[in-house]
Amino acid sequence: MAERPRANWAGNIVFGAPDFYRPASLGQLQAVVARASRLRVLATGHSFSDLADSAGAQVTLAGMPPEVAVDSAASRARVSAGLSYAELAAELDRQGFALRNLASLPHISVAGACATATHGSGAANQNLAAAVAGLTLVTADGDLLELTRGEDGFDGAVVHLGALGVVGSQLVGHVPANHGAQRV
C-alpha cells in the first residue's frame, strides 16, 4: 500500500484508489490482475485527468524488470511495460538502433504512451502507438494474450486505454541509429 498520496505529474490530480501494487515480475502482475475486481494502471502519472484512478486497485509497472530484447533481423525490440522512452532509446542506441519517433518527454513509459495514443516529437510523425508491432496483455483472469500486427484482433488493440488488460510487454519497431547534434 502507498504511504503518501499518489498524484499526477502536476500535482493537480490526486489518486484515491484504496489498493496500490508495484509488481516486480510478470507473474506478480498476473496475480494482481487476477485477484482485483477493479483495476487501473498508473504509468508515469503524466495525465491531465483521473482516468488512471480506480475505486478498487491501482497498479504501477515501474517495478517490472527493465528489459529490452532486440531482434535486429526483424527490426523490432520486445520491451517490458514499465520502461521509459529514455531507457529504451539508450539501450537501442547501445546496440546501434533508434526509434523512428520519440516521446516529447523522455520519462514517460512506452506502454502508457502507446495505450493512450500519445503524440511523438514532430507534426509530420505518426503517434507513438504506430511503432507497436505486438502486445502481450495480461487479461482480467490473469492469463497472457499475445497480439501481433497482421493477425486478427490486433487492429484497435494498441490504443486500448487499459480496457483490454494490462500490458506486460510490447514489440516495437526500430531503425538504424542516426546521430545528430543540436546547438542552442
Side-chain angles (χ1 to χ4, degrees), residues 1-69 77-89 91 103-119 127-129 131-148 153-154 156-172:
M1 301 299 158
E3 295 176 9
R4 60 182 174 86
R6 295 173 309 281
N8 72 341
W9 66 278
N12 65 331
I13 304 276
V14 175
F15 302 109
D19 297 324
F20 182 70
Y21 300 96
R22 185 183 175 103
S25 69
L26 185 57
Q28 287 179 6
L29 175 60
Q30 289 177 270
V32 166
V33 173
R35 74 174 168 259
S37 61
R38 297 183 72 165
L39 179 75
R40 294 281 175 90
V41 177
L42 176 64
T44 53
H46 199 85
S47 175
F48 299 95
S49 75
D50 63 356
L51 179 67
D53 208 358
S54 172
Q58 200 175 44
V59 63
T60 178
L61 305 177
M64 301 288 285
E67 299 171 342
V68 178
R78 172 77 51 191
V79 179
S80 57
L83 210 64
S84 72
Y85 273 94
E87 293 168 314
L88 175 56
E91 181 56 32
S104 57
L105 300 169
H107 66 276
I108 64 175
S109 72
V110 178
C114 293
T116 57
T118 300
H119 64 83
N127 71 29
L128 298 172
V132 177
L135 290 171
T136 301
L137 291 172
V138 179
T139 62
D141 57 5
D143 289 340
L144 297 179
L145 174 64
E146 297 284 342
L147 298 171
T148 305
F154 182 79
V158 177
V159 180
H160 55 83
L161 300 174
L164 301 178
V166 178
V167 175
S169 67
Q170 54 190 32
L171 200 56
V172 296

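Every value quoted in this text rests on a predicted model; they were computed, and no experiment measured them.
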### Query
Could you give the distance from CG (L83) to CD (E67), rounded to the nearest 0.5 Å?
9.5 Å

### Query
Which pairs count as side-chain hydrogen bond (donor to acceptor under 3.5 Å, both in side chains) when at least one residue sits in residues 54-65, sequence neighbours excluded?
R6-Q58

### Task
Looking only at non-hydrogen atoms, find the nearest pair between F15 and A52 and report the distance.
CE2-CB, 4.1 Å

### Summary
d(L61 CG, L26 CG) to nearest 0.5 Å is 10.0 Å

### Summary
Minimal heavy-atom distance between V68 and A77, with the atoms involved, is CG1-CB, 4.2 Å

### Query
Which atoms form the tightest heavy-atom contact between Y21 and A57, and what is the distance?
CE1-CB, 3.8 Å

### Query
Looking only at heavy atoms, which two atoms of G82 and S109 are closest? And how far apart?
O-CB, 4.4 Å

### Separation between CG of L161 and OG1 of T116, rounded to the nearest 0.5 Å
7.0 Å

#### Entry: Heavy-atom check, side chain of V110 versus side chain of E87, under 4.5 Å
no

### Task
Output, in order, the C-alpha distance, side-chain angles, deciding distance and verdict of side-chain contact (heavy atoms from CB on, under 4.5 Å) for L137 and V167.
CA-CA 5 Å; L137 291 172; V167 175; 3.8 Å; yes

### Message
Between S80 (side chain only) and P65 (backbone N and O only), is there a donor and an acceptor less than 3.5 Å apart?
### Response
yes

### Query
Would you say the side-chain atoms of Q28 pair up with the backbone N or O of A24, donor to acceptor, closer than 3.5 Å?
yes

### Message
A side-chain contact here means heavy atoms from C-beta on lying under 4.5 Å apart; do I108 and W9 qualify?
### Response
no

### Query
Within a strict 4.5 Å, meaning less than it, do heavy atoms of the V172 and L88 side chains meet?
yes

### Message
Would you compute the distance between atom OG of S84 and atom CG of L105 and round it to the nearest 0.5 angstrom?
### Response
11.0 Å

#### Entry: Heavy-atom closest contact (C114 atom, A129 atom, distance)
O-CB, 3.6 Å

For residues 33-45, dump all side-chain donor-acceptor pairs below 3.5 Å to protein atoms at least two apart in sequence or in another chain.
residue : atom : partner : partner atom : Å
R40     : NH1  : L51     : O            : 2.4
R40     : NH1  : D53     : O            : 3.3

## Note on the structure
Of all heavy-atom pairs linking V59 and P23, the shortest is CG2-CD, 3.4 Å

### Point-to-point distance, once rounded to the nearest 0.5 Å, from CZ of R22 to CE of M64
11.5 Å

### Task
With rounding to the nearest 0.5 Å, note down the distance linking CG in L135 to CG in L164.
9.0 Å

### Message
So L144 and V138, do their side chains get closer than 4.5 Å, heavy atoms only?
### Response
yes

### Task
Start with the C-alpha gap between Q170 and V158, add the side-chain angles, then the distance that decides, and say whether side-chain contact (heavy atoms from CB on, under 4.5 Å) holds.
CA-CA 9 Å; Q170 54 190 32; V158 177; 5.8 Å; no

